[in-house]
2 protein chains.
Amino acid sequence: MNKEEELLKSHISRHNLKVTKERSAVLRAFLASARHITAEELYRKMKDENSSVGLATIYRTLNLFCESGLAEQRQFGDGQARYELVYNVSHHDHLICQECKRIIEFQNEEIEVLQEKVAKKNHFKIFSHKLELYGLCSDCSKVQAETK
Amino acid sequence: MNKEEELLKSHISRHNLKVTKERSAVLRAFLASARHITAEELYRKMKDENSSVGLATIYRTLNLFCESGLAEQRQFGDGQARYELVYNVSHHDHLICQECKRIIEFQNEEIEVLQEKVAKKNHFKIFSHKLELYGLCSDCSKVQAETK
DNA sequence: ATGATTATGATAATGAATTGCATTTAGTCT
DNA sequence: AGACTAAATGCAATTCATTATCATAATCAT
Ligand SMILES: [Mn+2]
Ligand SMILES: [Mn+2]
Ligand SMILES: [Zn+2]
Ligand SMILES: [Zn+2]
């Protein structure tokens, strides 16, 4: 049993929930898929692999992952929630290419410190934050330069 | 005719659109309302002031404002788009109180510079960004401290 | 194994936002 | 001013992601 499975099961037992084959299957598929996956994408992926779990259950299970601290939901502005593993993954923010939809992760401790400074100045207590940089990745910048 | 009206009318004529009483009314109401208003809120406000414009037109007009560079849309995670005047308003980011929903604006040039640095390191070209700090404002922190 | 409780799948419902369409309006050209 | 054309409006219908409902099935403590 891997760390992620352990975390989920501990959350499940702590809340009088039940371990089901669907939940295990969704966890397996989730851990095996690319970061920042949508519910619909995960649903299709599982269907393609002949392990069909209802879409409603995918949504329910992804929410469960978030409640357990295993995953977090992201909104990158395209109207679909994306989910990513955050357990045993260090905090990071995102660069989002508006052309190819690529998502690049980055960490910047200086920015984090400055955020706290801003909060302090405003007597504000930060619980979470969202920093997203939208634009063009290097590949797409090149293409655009060539085209014109 | 104020600056905002001028900007909008210039966009309108440049795109062979038309100045209508509805658009003028929405602009007036928008400029007179609090920052970060939702379409629904603006709709209600106008209805209350006996200047009823259809909700679809409110949406269409707010989109027009965004296209003209007068306003920008924000998503603060509650599932409803908010709009704010950005013409002749300097760039800023937001602190959002999860308790009372208050929105505090701040500017931090250091963070902006660091964002560019991150982008450069990743050969990324930034077109826009979103920095939101979620938590408790000073008032709500106080209440929470007293309650427990 | 039983039984209480939780989970699932299928489908309906929700809610913000957009769209189609018949009608109205704005702006331009006589 | 009147006529014409393109654009705008209101209303209802539609879309799309997500959640809720509910009958049935599965889990798990006893
Ligand atoms: Mn990430
Ligand atoms: Mn603002
Ligand atoms: Zn790209
Ligand atoms: Zn507050």
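Chain letters run A, B, ... following the sequence lines, proteins first and then strands; every chain starts at 1.
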Provide, to the nearest angstrom, the distance between the [atom1] atom belonging to [X] and the [atom2] atom belonging to [N].
X: Arg60(A); N: dC22(D); atom1: CZ; atom2: C1'; answer: 11 Å
X: Lys47(B); N: dT9(D); atom1: NZ; atom2: C1'; answer: 15 Å
X: Asn16(A); N: dA29(D); atom1: CG; atom2: P; answer: 9 Å
X: Glu40(A); N: dT15(D); atom1: CD; atom2: C1'; answer: 14 Å
X: Asp78(A); N: dC16(D); atom1: CG; atom2: C1'; answer: 12 Å
X: Leu64(B); N: dA17(C); atom1: CG; atom2: P; answer: 17 Å
X: Arg74(B); N: dA16(C); atom1: CZ; atom2: P; answer: 21 Å
X: Arg82(B); N: dA17(C); atom1: CZ; atom2: C1'; answer: 15 Å

If the cut-off is 4.0 Å, is [X] near the phosphate of [N], judged by side-chain N/O to OP1 or OP2?
X: Tyr59(B); N: dA17(C); value: yes
X: Asn63(A); N: dT19(D); value: yes
X: Lys21(A); N: dT27(D); value: yes
X: Thr20(B); N: dT9(D); value: yes

So if I take every side-chain heavy atom of [X] and compare against [options], which nucleotide ends up nearest?
X: Thr57(B); options: dA8(D), dT9(D), dA7(C); result: dT9(D)
X: Val53(A); options: dA17(C), dG9(C), dA7(C); result: dG9(C)
X: Ala81(A); options: dT27(D), dT18(D), dG9(C); result: dT18(D)
X: Ala56(A); options: dA20(D), dT6(C), dG27(C); result: dA20(D)
X: Lys18(A); options: dG9(C), dG27(C), dA26(D); result: dA26(D)

Examine distances only and state if a side-chain atom of Arg23(B) and a backbone atom of Lys9(B) form a donor-acceptor pair shorter than 3.5 Å.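 Not a single qualifying donor-acceptor pair exists.
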His15(B) or Leu55(B): which one's nearest nucleotide on DNA chain D is closer to the 5' end?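 The residue closer to the strand's 5' end, by nearest nucleotide, is His15(B).
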Between Tyr43(B) and Leu17(B), name the one whose nearest nucleotide on DNA chain D is closer to the 5' end.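 The residue whose closest nucleotide sits nearer the 5' end is Leu17(B).
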Want to settle it: does Glu22(B) or Tyr83(B) sit nearer the 5' end of DNA chain C, counting the closest nucleotide to each?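 Its nucleotide being nearer the 5' end, the pick is Tyr83(B).
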Let me know, please, whether Ala39(B) or Ser52(A) comes out on the 5' side of the other along DNA chain C by nearest nucleotide.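 Here Ser52(A) is the residue nearer the 5' end.
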Find the distance between CZ (Arg35(A)) and CD1 (Ile103(A)) and round it off to the nearest 0.5 Å.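 Taking CZ in Arg35(A) and CD1 in Ile103(A), the distance rounds to 10.0 Å.
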Are Phe30(A) and Tyr83(A), when compared by the centres of their aromatic rings, separated by less than 6.0 Å?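 Aromatic pair excluded; centres sit 6.0 Å or further apart.
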Does CD in Glu99(B) sit with more than 12 non-hydrogen atoms of other residues, nucleotides or ligands closer than 6.0 Å?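 It does not: Glu99(B) CD has 12 such atoms or fewer within range.
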For residues Asp93(B) and Glu112(B), determine if any side-chain heavy atom of one lies less than 4.5 Å from a side-chain heavy atom of the other.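 Heavy-atom side-chain distance check passes, below 4.5 Å.
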Indicate, with a heavy-atom threshold strictly under 4.0 Å, whether Arg23(B) touches base, sugar-phosphate, or nothing.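 Sugar-phosphate contact only - Arg23(B) comes under 4.0 Å of backbone atoms but never of a base.
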I need the minimum non-hydrogen distance between Leu131(B) and Ile111(B), along with the two atoms involved.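 Looking at all heavy atoms of both residues, the closest pair is CD2-CG2, 3.8 Å.
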